[in-house]
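Start at 1 and go down the list; that is how both ligands and their atoms are numbered. Every value quoted in this text rests on a predicted model; they were computed, and no experiment measured them. The first residue of the sequence shown is numbered 1, and numbering continues consecutively from there.
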Amino acid sequence: MSIFTKIISGEIPSYKIAENNQFYAFLDINPNAKGHTLVVPKREVNKLFELDSKEYSDLMAYARKIAIALEKAIPCKRIGMAVIGLEVPHAHVHLIPLQAMEDIQFNKKVTLKPEEFEQLAKLIAAEL
Ligand code: 5GP
C-alpha cells in the first residue's frame with residue numbers, strides 16, 4: 001500500500017484541500033513553494049501514464065480546478081505542473097505556485113509550520 005493510499009484513507013494525516021470520489025488533493029509536506037499541492041487518483045496506480053485515458057483526463061480536469069483555486073489563493077506568476085514519481089510510486093501531479101524557474105526545480109524547499117500548512121489548505125479550499 002502506498003503512502004498516498006494511507007493518506008487518502010486517513011491512516012496518515014494530511015493538509016487536505018479537496019477530494020471527490022476519484023481524486024484527493026493535499027499539500028506537499030516538503031514544498032518547493034507555499035501552496036505546493038499534490039493531486040492523486042484514489043485508485044493506486046504506479047505511473048501517471050499508466051492511467052487509462054478516461055481516468056487521466058478526469059485527473060487533468062480535477063487538477064485544473066485545483067490549479068485555478070491555487071492561483072487565486074497564492075500570490076504567484078502562474079501555477080506550474082510537474083510529474084515526477086521517483087519518490088512515491090502512486091501516480092500524482094505536482095501543482096506549484098511559481099515566482100521563478102527555481103520553484104519547479106525541486107532543490108529549493110520552504111519550511112512551514114503546521115499552522116501555516118493548515119492556513120494555506122483552508123485558503124486554497126475557500127477558492128474552490
Ligand atoms: P515524487 O514521487 O513526485 O518524486 O515526489 C513525491 C512528493 O510527495 C514529494 O514532493 C514529497 O515531498 C511528497 N510526500 C512524500 N511523502 C509525503 C507525505 O507523507 N505527505 C505529504 N503531504 N507529502 C509527501
Taking the inter-plane angle between the rings of Phe106 and His36 on a 0 to 90° scale, is it parallel (under 30°), tilted (30 to 60°) or perpendicular (over 60°)?
perpendicular
Looking only at the aromatic ring of each residue, does the gap between the centers of Phe26 and Phe4 stay below 6.0 angstrom?
yes
If you measure from the Lys or Arg side-chain nitrogens to the Asp or Glu carboxylate oxygens, is any gap between Arg78 and Glu71 under 4.0 Å?
no
Select all protein residues for which some heavy-atom-to-ligand 1 distance is less than 4.0 Å, and list them by chain and number.
Ile3, Phe4, Ile7, Phe26, Leu27, Asp28, Ile29, Asn30, Leu38, Ile84, Gly85, Leu86, Glu87, Val88, His92, His94
Can you tell me which residue pairs pass the side chain to side chain donor-acceptor pair (under 3.5 Å) test with a partner in residues 95-111, sequence neighbours excluded?
Asn32-Lys109, Asp103-Lys108
Between Tyr62 and Phe23, is the ring centroid distance below 6.0 Å?
yes
Centroid separation under 6.0 Å, is that true for the rings of His92 and His90?
no
